Amino acid sequence: MAQKPSIPKGTRDFSPSEVQKRTYIFDIVKKHFQTFGFQPIETPSFENSETLMGKYGDEGDRLIFKILNSGDFLNKVDDATYTTKNASLLTPKISEKALRYDLTVPFARYVVMHQNDIDFPFKRYQIQPVWRADRPQKGRFREFYQCDADVVGSQSLLQEVELVQLYDVVFTSLGLTGSTIKLNNRKVLAGIAEVIGAGDRLVDFTVALDKLDKIGEEKVKQEMMAKGISEAAIEKASPLFSLSGSNAEQLRALQHMLSASETGTKGVEELSFIVKSIEALGLQSARLAIDVTLARGLNYYTGAIFEVSAPEGVRMGSIGGGGRYDDLTGIFGLKDVSGVGISFGLDRIYLVMEELGLFPEAIDRSLEVLCINFGETEAMAALKLVTSLRAAGIKADLYPSAAKMQKQMKYANNRNVPFVILLGEKELADGSCVLKNMANGDQKMIKLSKADVIVQEITSA
RNA sequence: GUGGUUGUAGCUCAGCUGGUUAGAGCGCUAGAUUGUGGUUCUAGAGGUCGCCGGUUCGAAACCGGUCUUCCACCCCA
């Protein structure tokens, strides 16, 4: 007896209607990337391990899927290394390649390798799957698509402004109105840490601060304390916990608080520029909100930080994020190339849209008309008709065998086909066919010579 | 990586403190209906109870392991 097949945890199969819906999202996103002047690139599914390892922190290294070397790979390991059973020592000896963990690091590698062929500023977009050996949860998979748009080679803050616009346009097009684009700046965070005297604890400070909306003020303070941040420093930072009001009000408060910090002041200026520009330009449906508690990975961001949260009432983590990184290509030896990018969490966007019922109803209409098969001679005539309908761009098909009519009709019904054509002995005799509207049951007799009338009926429905 | 949770028919799930041949709804197949689907009625097919091992006269149920699902943490899209 064959074993029941299965797929690895955290991976998914996509059925026809799911693929259709995903394609719908992809197409909208791509369309807007292109209207903003971004160009597509693709990179390999797997990279050399050195390219990826150490770029995402220890946690990241653990989550990278390593690919075992081919051949008799254990033979090449010396006994000493082998017997230590130390994964971090042994892994580099038996694995030289790893699956892509995100699109940003491979992109940095790409820019460095192709720097002579690229005209800067380079605006590229990339939509490809990435893999993480994470433990799956809702909206969290081990294989998922990332969808990034980055600009490298320009320090202008106008790029940040445009990326906010891009988020707005894409989410509006998808019908995901009412999403909030949260904005922060790494320099502001650094400034705060500096002013309160916890400059050396920047990462611990921001990681804790990032959890404010989730675990509350008290627990954040506890966590900061546990990480060794002094009580006095936490006391100085406490105005942050109750920072509220409009973007302008928050900016004023930050400006005041950070006046002693050069970095912090610079950060506030950058935030102000983006906020004012967006106010002047206007957004279609999204809201831009300053959120000083927004931290994100922190690993390579140096300026603006973005994060998009799903519309109110949907339980889902962020559906997009990004930021400014001043020295991403530096790790591969190319200095002074500033970049800024955003990412769309397509799998999560899909889940949110499904939950809110935002996909167009006709999206999985894979067939617009089905011809019933009445037998050899009728089928020939039907196929001729189907051919001309297809030439006119109609998704048409002929049932392949002269099965019972009930069966054929049921098939049409299950496939959600809006029209059925009946071309049997009677119709063939006077050169016509019957076009049946499956939604209301109406039937029309139409001459076979007038295929354009049939096309008209189908497309206008 | 830590703690918890889930797994029974194609799908959604019942199945009592262990006790005959494991059930329902939906779906599927066939018929009522020899040129008409979505409604109705009738009949039928379909399950080594996730997998491996253990306890027991007897396990879907109890125990151990493993895989999977979902959740919280870590981290993140």
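Note that this is a predicted model, so its numbers are computed, not measured.
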**Study point:** Bracket string, RNA chain B, 5' to 3' - pairs by Watson-Crick or G-U geometry under 3.5 Å, | interstrand
**Key:** ((((..(..((((.....[...)))).(((((.......))))).....(((((..]....))))))..))))....
Exercise for review: When you get a sec, tell me which of B/rU36, B/rA77, B/rC28 is the closest nucleotide to the side chain of A/Ser318?
Suggested key: B/rA77
Exercise for review: Could you measure between the two P atoms, the one in B/rA22 and the one in B/rG31, and give it in whole Å?
Suggested key: 30 Å
Point to revise | Side chain A/Asn413 and base B/rG38 donor-acceptor under 3.5 Å | key: no
Practice item. Determine the interatomic distance between P on B/rU69 and the same-named atom on B/rC11; round to the nearest Å. Key: 15 Å
Check your understanding: Within this structure, what is the CH2-to-P distance between A/Trp131 and B/rA77, rounded to whole angstrom?
Key -> 17 Å
**Study point:** Closest-nucleotide 5' rank along RNA chain B - winner of A/Gly60 and A/Pro8
**Key:** A/Pro8
Point to revise | Interatomic distance, A/Arg12 CZ vs B/rC70 P [rounded to whole Å] | key: 10 Å
Review point. When rounded to the nearest Å, what value does the distance between C1' atoms of B/rC28 and B/rC71 take?
Key: 35 Å
Review point. Given B/rU69, B/rG37, B/rA72, which nucleotide is nearest the side-chain atoms of A/Pro136?
Key: B/rU69
Exercise for review: Report yes or no: does A/Thr180 contribute a side-chain atom to a donor-acceptor pair with the main-chain N or O of A/Ser309 at less than 3.5 Å?
Suggested key: no
**Study point:** salt bridge (Lys or Arg N to Asp or Glu O under 4.0 Å) partners of A/Lys221, counting only residues at least two apart
**Key:** A/Glu217
Revision key, fill the gap. Contacts of A/Glu18 meeting side-chain hydrogen bond (donor to acceptor under 3.5 Å, both in side chains) (sequence neighbours excluded), chain-then-number -> A/Ser15
Exercise for review: Sticking with atom C1', work out how far B/rG18 lies from B/rU56, rounded to a whole angstrom.
Suggested key: 9 Å
Check your understanding: Closest nucleotide of RNA chain B for A/Asp134 versus for A/Gln137: which of these residues is on the 5' side?
Key -> A/Gln137
Exercise for review: For B/rC51 and B/rU68, measure between their P atoms and round to the nearest Å.
Suggested key: 15 Å
Check your understanding: In whole Å, what separates the P atom of B/rC70 from that of B/rU36?
Key -> 46 Å
Exercise for review: Provide the full list of ring-ring contact (aromatic ring centres under 6.0 Å, His included) pairs with a residue in residues 419-449 of chain A, sequence neighbours left out, each pair given once.
Suggested key: none
Practice item. Answer with base, sugar-phosphate or nothing: what part of the nucleic acid does A/Gly375 contact at a heavy-atom distance below 4.0 Å? Key: nothing
**Study point:** Between C1' of B/rC75 and CG of A/Leu63, the distance in whole Å
**Key:** 7 Å
Check your understanding: Between A/Leu103 and A/Gln146, what is the shortest heavy-atom contact and its length?
Key -> N-OE1, 3.3 Å
Check your understanding: How far, in whole Å, is B/rG25 from B/rA45 if one measures between their P atoms?
Key -> 15 Å
Study note, to complete from the structure: Residue set satisfying side-chain hydrogen bond (donor to acceptor under 3.5 Å, both in side chains) with A/Asp430, at least two apart, ordered chain then number -> A/Ser432
Review point. With A/Gln126, which of A/Asp150, A/Asp148, A/Thr43 fulfils side chain to side chain donor-acceptor pair (under 3.5 Å)?
Key: A/Thr43
Practice item. Give the rounded distance in Å between these two atoms: CD1 of A/Ile7 and C1' of B/rU68. Key: 10 Å
Check your understanding: What string of B, S and - do you get for nucleotides 30-35 of chain B 5' to 3' if you count protein non-hydrogen atoms under 4.0 Å?
Key -> -S-B-B
Exercise for review: Kindly say whether A/Tyr145 contributes a backbone atom to a donor-acceptor pair with the side chain of A/Asp347 at under 3.5 angstrom?
Suggested key: yes
Practice item. Nearest whole angstrom, please: distance from the P of B/rG7 to the NZ of A/Lys9. Key: 18 Å
Check your understanding: Roughly, in whole Å, what's the span from CZ in A/Arg140 to P in B/rC71?
Key -> 10 Å
Check your understanding: Under 4.0 Å between a side-chain N or O of A/Gln408 and OP1 or OP2 of B/rG37?
Key -> no
Practice item. For atom CD of A/Gln443, decide whether the heavy atoms of other residues, nucleotides or ligands shown that lie under 6.0 angstrom number more than 12. Key: yes
Point to revise | Spacing of A/Ile64 atom CD1 relative to B/rA77 atom P, expressed in whole Å | key: 14 Å
Review point. How far does the P atom of B/rA30 sit from the matching atom of B/rG46, given to the nearest Å?
Key: 16 Å
Exercise for review: Test for a donor-acceptor pair under 3.5 Å between the base of B/rU2 and the side chain of A/Arg135, counting only N and O atoms.
Suggested key: yes
Exercise for review: Over 60° means perpendicular and under 30° means parallel, so classify the ring planes of A/Tyr399 and A/Tyr411, tilted if in between.
Suggested key: perpendicular
Review point. Just checking A/Ala439: base, sugar-phosphate only, or nothing, at a heavy-atom cut-off of under 4.0 Å?
Key: base
Review point. For the pair made of OH in A/Tyr411 and P in B/rU29, what is the distance, rounded to whole Å?
Key: 12 Å
Practice item. Determine yes or no for a side-chain-to-main-chain donor-acceptor pair under 3.5 angstrom, with A/Asn184 supplying the side chain and A/Val292 the backbone. Key: yes
Exercise for review: Identify whether any heavy atom of A/Asn414 sits under 4.0 Å from a base atom; if not, whether one sits that close to sugar-phosphate; answer base, sugar-phosphate or nothing.
Suggested key: sugar-phosphate
Point to revise | Aromatic centroids of A/Tyr125 and A/Phe38 separated by under 6.0 Å | key: no
Check your understanding: Between A/Asn416 and B/rG38, is there a side-chain N or O to OP1/OP2 distance below 4.0 Å?
Key -> no
Exercise for review: Could you tell me whether the phosphate oxygens of B/rU36, OP1 or OP2, come under 4.0 Å of any side-chain nitrogen or oxygen in A/Lys436?
Suggested key: no
